[in-house]
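Inspection log for the structure reproduced underneath, given as structure tokens.
Chain A is the first sequence line, chain B the second, and so forth, proteins listed ahead of strands; every chain is numbered from 1. Hydrogens, waters and symmetry mates play no part in the numbers below; they use all other heavy atoms, side chains included.
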Number of protein chains: 2
Amino acid sequence: MNSEKKIETAASAGKRKKPITAQDLMNAAVKLLDSHRSVSSLSLREIARAAGIAPNSFYRHFRDVDDLAVALIDQAGRSLRGVIREARQRLSLERSAIRTSVEAFMEQLDAEQKTLHILLREMSIGSPAFRQAVDRELRFFEDELCEELTRMAKVTGHATYEPALASKAITRLVFTMGAAAADLPPEERGQIIDETVVMIKMIMEGAQSLAKRAAEK
Amino acid sequence: MNSEKKIETAASAGKRKKPITAQDLMNAAVKLLDSHRSVSSLSLREIARAAGIAPNSFYRHFRDVDDLAVALIDQAGRSLRGVIREARQRLSLERSAIRTSVEAFMEQLDAEQKTLHILLREMSIGSPAFRQAVDRELRFFEDELCEELTRMAKVTGHATYEPALASKAITRLVFTMGAAAADLPPEERGQIIDETVVMIKMIMEGAQSLAKRAAEK
DNA sequence: TTTTGCACTATACACTTGTATATACACACG
DNA sequence: CGTGTGTATATACAAGTGTATAGTGCAAAA
């Protein structure tokens, strides 16, 4: 059977108005990544098949599978930033800022599009462009956090030792713990959240304590 | 061209005494992973080709590519544990225990077999067996560290707040920072090491400070 | 010696992959 | 009415994939 088979049938059997969006392709790709496949193991044909289009139509929307992957990361980052910013606004006084943010982060894990899931899993793998996209999101997170830390310092009087470093530590920790939580059934995530919160408090406490010590000298 | 090509030539051109070891295959796989490919994108044939054997001979040594990947992780963990344990023994008094360990960890990044590299990159991806193997190694690390922390508490009198959690935080942080360092030219790793050391100190300082606060109440 | 077992190879098959080429259909503008 | 232009399609090809089947050659056991 050297020539093509006839059937590369659409997954979505419905009669669709023709035009397919880039987002449709991204959704199809995300569905394929459900279990534990890496983006780099997805084939262009597979994605096209899942989206119900001909293989070649893929090129109308993305240059590459890599290109699509980068788009996925951007999307993950954008919506994550939104969620965190929102969490920070409803920073009511009855709950700790830390806990609120961590919870928002973890909730985002099974948001409609599970792109955060993907970002966390594939952080350190994939094309240069891919990792660059991930790094961008990490830095976003760090910067916002760092700002917050220094602002907080002025209000409470508790200075932070090296706010940029503390932010980096917290960010990496949250992302790593998020990756661990991602593979867990949601009912076991509570523990991870608690652990993460305590870890963050350790870092902040430590950074403040080191700041005091440095000031005393 | 429907039938096979004739040449699937050995990569290692030398005239070898026939028997190839599982380790040879693992080495070949590692070489292929040099740049930034994920294990899941390696094909059995590719590995066999790189090792200079026929595709089918692969099965004499591993069931799967996945199977080989798990073996790689085990090897990475084994040698990492060795290195860290060794570092702890030459824990001379002139250098901090933290810095010595972190340096040992980072040095292991470009050890002969760069398997640690792979472990760090693919931590949260791959087959269940694969991630289980990674988790095993993480826990090893955590446990040894936790023991050390409580032992230290008795000597110095500085108790640690939740030693298990602090160990987990430190472990995850070191691994994440290691993953970041892995993609860097060795001359830029110094900074990462410094950062990591400070981060760890923050955590330990914080955990001790929290312990004191808890005791005072 | 013959036999048996093992490590490896060669060939083949059915299948998937990325992409080149050509083509069909819809809609906007002259 | 064309006539593009953009978006989808089908067909095809060369290459790569996992693996089934059938050897080949060589060392130890009989």
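For A:Asp24 and D:dT7, the CG to C1' distance is 14 Å, given to the nearest whole Å. Note: CD1 (B:Ile53) to P (C:dA10) measures 12 Å, nearest angstrom. With rounding to whole Å, A:Leu44 atom CG is found 14 Å from C:dA20 atom C1'. For the pair B:Phe58 CZ and C:dC6 P, the computed distance is 20 Å after rounding to whole Å. A straight line from CD1 of A:Ile20 to P of D:dT9 spans 7 Å, rounded to a whole angstrom.
At D:dT9, one or more side-chain N or O atoms of A:Ser57 fall inside 4.0 Å of OP1 or OP2 (strictly under the cut-off). For the pair B:His61 and C:dC8, the criterion of a side-chain N or O lying under 4.0 Å from OP1 or OP2 is met.
Remark: the B:Arg45 side chain and the D:dG18 base include a donor-acceptor N/O pair separated by less than 3.5 Å. In this model, no side-chain donor or acceptor of A:Asn56 finds a partner on the base of D:dT7 within 3.5 Å. With hydrogens and angles ignored, no donor-acceptor pair closer than 3.5 Å exists between the side chain of A:Arg49 and the base of C:dT16.
Ion pairing of A:Arg172 with B:Glu195 is absent here, as no side-chain N (NZ or NE/NH1/NH2) approaches a carboxylate O to less than 4.0 Å. Using a 4.0 Å cut-off between charged side-chain N and carboxylate O, B:Arg151 and B:Glu148 make a salt bridge.
Between B:Asp64 and B:Arg60, the one whose closest nucleotide on DNA chain D sits nearer the 5' end is B:Asp64.
Across all strands shown, A:Ser43 has heavy atoms under 4.0 Å from sugar-phosphate atoms exclusively, and none from any base.
Here C:dT17 is the nucleotide among D:dT17, C:dT17, D:dT19 with the atom lying nearest to any side-chain atom of A:Glu46.
Distance alone, capped at 3.5 Å, places no donor-acceptor pair between the B:Arg99 side chain and the B:Ile193 backbone.
In summary, of the residues considered (A:Asp66, A:Asp64, A:Asp67), a side-chain hydrogen bond (donor to acceptor under 3.5 Å, both in side chains) with A:Ser127 occurs for A:Asp66 alone.
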